[in-house]
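Input: a single structure, listed below in structure tokens.
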Amino acid sequence: MDHPRPCGCKGRRTCLHCEKDFEIERVDFFKIFKNCKAYSFCPWCNRIYPGWDTDKIMEEHDQNHGGDPGEDYPGVYIDTQFLSEAEEAELMKGIDEMPWDISQSGRRKQNFGPKTNFKKTKLRVGSFEGFPKFSEFVQRKFDQVPVMEKFQSIEQCSLEYTPENGSSIDPHIDDCWIWGERIITVNLLSDSVLTMSRYRKENGKNRYNLDLVQQYREKLIADLVDEQIMDGFDDLIVRIPMPRRSLLVLYGPPRYQWEHSVLREDITERRVCLAYREFTPMYLEGGCEYSKSEEIYRLAKNFWNHLNL
């Protein structure tokens, strides 16, 4: 099962179709997380409160969460009304006018960014020529978000989730060799939830090129949490709401010390998200690897008409 299946899945990644066709038993993260103590993030308080249901936690905001002061969970920014209905419709029109590629775990994708090899830490321009013009206004709106100061998009990825395919994404941390601190998601078409679970080394070794974070740790926006404190989160998950048309920014501890996932059970309608990434400080202007990224930065300023493809 290490080779891609007709649905696009490979390895432990599965969807409803290959689970049925190949009789694959998947890891049930929903069941695992349901046995953990759950907290939900309130986007207006910027704090977490006990409970699995993010809708309920947000509804309780007007009642001051029943007097519960909540707990800090730094490193999350949510703008619940980042896009208007008209802007969402404009984006979806452009997205659906472009071809989709199959991806793993029941998803489809459209990827615009450089060619990367995470295992060999090799970066190439590849076929990258910039981004579709219909999405340019989204990047312009980033300039209005304080936590995104000096953010330069060098990858934009459209991801489609549908309940009929059993779409999901397993717990993971985005690679830390090439992708910078701020992980950006613009959520379209339906509400969903990001589920956070504490990251643990595997056999004493870091994954996701996390060891490289030490090279730029002093340049992070938010301080990381002491590992002894993180030990208290072993059997705890945090549920972060992603309302329709919202912007979500992860940075600091949620970026590097928690894995994030989208559970199959949290996809009840078609959902499309735009994911944006920036470079790590090594590849920024003045960084030790800037000569390898300079051309990509130049190309990232291009916005082309998708109808001319």
Side-chain angles (χ1 to χ4, degrees), residues 75-79 82 91 95 101 103-104 107 109-119 121-132 135-136 138-143 145 147-160 169-188 194 196 207-210 212-213 215-216 219-222 240 242 246-262 272-285 287 289-290 292-303:
V76 179
Y77 173 88
I78 300 176
D79 182 343
F82 181 66
L91 268 178
I95 288 171
D101 296 321
S103 185
Q104 299 191 62
R107 291 169 286 142
K109 66 180 180 180
Q110 299 167 344
N111 192 70
F112 311 102
K115 189 75 173 176
T116 53
N117 186 317
F118 300 120
K119 289 184 178 179
T121 60
K122 297 291 185 181
L123 175 69
R124 293 190 294 111
V125 172
S127 59
F128 181 55
E129 296 181 350
F131 308 107
S135 65
E136 181 177 5
V138 178
Q139 294 194 34
R140 299 292 170 252
K141 287 173 74 78
F142 290 165
D143 295 338
V145 181
V147 74
M148 293 185 67
E149 183 181 3
K150 296 182 180 180
F151 184 91
Q152 171 61 61
S153 301
I154 47 82
E155 184 187 63
Q156 174 181 307
C157 187
S158 310
L159 292 168
E160 180 195 60
I169 188 164
D170 288 353
H172 70 285
I173 291 175
D174 285 20
D175 184 84
C176 302
W177 150 65
I178 197 68
W179 305 142
E181 180 176 5
R182 291 165 290 192
I183 301 298
I184 313 301
T185 302
V186 178
N187 197 53
L188 307 171
L194 200 67
M196 313 294 293
R207 293 169 285 163
Y208 315 120
N209 285 314
L210 270 166
L212 295 178
V213 176
Q215 295 185 24
Y216 52 86
K219 296 183 180 180
L220 299 182
I221 298 170
I240 299 177
M242 296 188 291
S246 68
L247 168 74
L248 169 64
V249 184
L250 296 182
Y251 58 97
R255 163 69 171 104
Y256 297 110
Q257 296 176 288
W258 295 73
E259 292 183 308
H260 60 272
S261 58
V262 177
V272 172
C273 73
L274 291 180
Y276 291 89
R277 302 294 179 260
E278 63 181 338
F279 275 137
T280 51
M282 296 97 74
Y283 290 87
L284 299 178
E285 186 171 2
E289 302 287 352
Y290 181 63
K292 299 177 182 178
S293 59
E294 189 172 5
E295 175 66 4
I296 294 167
Y297 272 121
R298 185 187 69 79
L299 292 168
K301 293 179 171 59
N302 294 337
F303 292 89

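- Among Ile240, Ile78, Thr185, the single residue meeting the side chain to side chain contact (heavy atoms under 4.5 Å, CB included) criterion with Leu250 is Ile240.
- Here the straight-line distance linking atom CG of Asn187 with atom CG of Leu248 works out to 8.5 Å at 0.5 Å rounding.
- Counting non-hydrogen atoms of other residues, nucleotides and ligands closer than 6.0 Å to NZ of Lys109 gives a total of 12 or fewer.
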Could you walk me through whether Tyr256 and Tyr251 pass ring pair (Phe, Tyr, Trp, His ring centres under 6.0 Å), step by step? CA-CA 8 Å; Tyr256 297 110; Tyr251 58 97; over 10 Å; no
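- At least one side-chain heavy atom of Met148 sits less than 4.5 Å from a side-chain heavy atom of Leu247.
- Ile173 CD1 to Arg255 CZ: the interatomic distance, rounded to the nearest 0.5 Å, is 7.5 Å.
- Residues Leu274 and Ile95 have side chains in contact (heavy-atom distance under 4.5 Å, counting atoms from C-beta outward).
- Annotation: cation-pi pair Lys115/Phe128 absent, no NZ/CZ under 6.0 Å from the ring centroid and within 45° of its normal.
- No side-chain heavy atom of Tyr276 sits under 4.5 Å from any side-chain heavy atom of Trp179.
- Going from atom CD1 of Ile169 over to atom CD of Glu259 covers 11.0 Å, rounded to the nearest 0.5 Å.
- With sequence neighbours excluded, the residues satisfying side-chain contact (heavy atoms from CB on, under 4.5 Å) with Glu294 are Tyr290.
- Legend: salt bridge (charged side-chain N to carboxylate O under 4.0 Å, His left out) pairs involving residues 176-187, not counting sequence neighbours, sorted by first then second residue: Arg182-Glu278.
- The shortest non-hydrogen separation linking Ile154 to Phe131 is C-CZ, 4.0 Å.
- Counting heavy atoms of neighbouring residues, nucleotides and ligands inside a 6.0 Å radius, atom CD of Glu129 does not exceed 12 of them.
- Minimum interatomic distance between His172 and Tyr208 (heavy atoms only, all atoms of both residues): CA-OH, 3.5 Å.
- Contact detail for Ser153 and Phe151: the closest heavy-atom pair is OG-CE2, 3.2 Å.
- Contact between Val76 and Pro254 at its shortest, heavy atoms only, is CG2-CG, 4.0 Å.
- Side-chain contact between Phe112 and Pro132: present, with at least one pair of heavy atoms (C-beta onward) separated by less than 4.5 Å.
- Taking the side-chain contact (heavy atoms from CB on, under 4.5 Å) definition, one finds that Asn117 meets it with Lys119, Lys120, Lys122, sequence neighbours left out.
- The ring of Tyr297 has its center no closer than 6.0 angstrom to the ring center of Tyr283.
- In this structure, CD on Glu155 lies 7.0 Å from OG1 on Thr116, to the nearest 0.5 angstrom.
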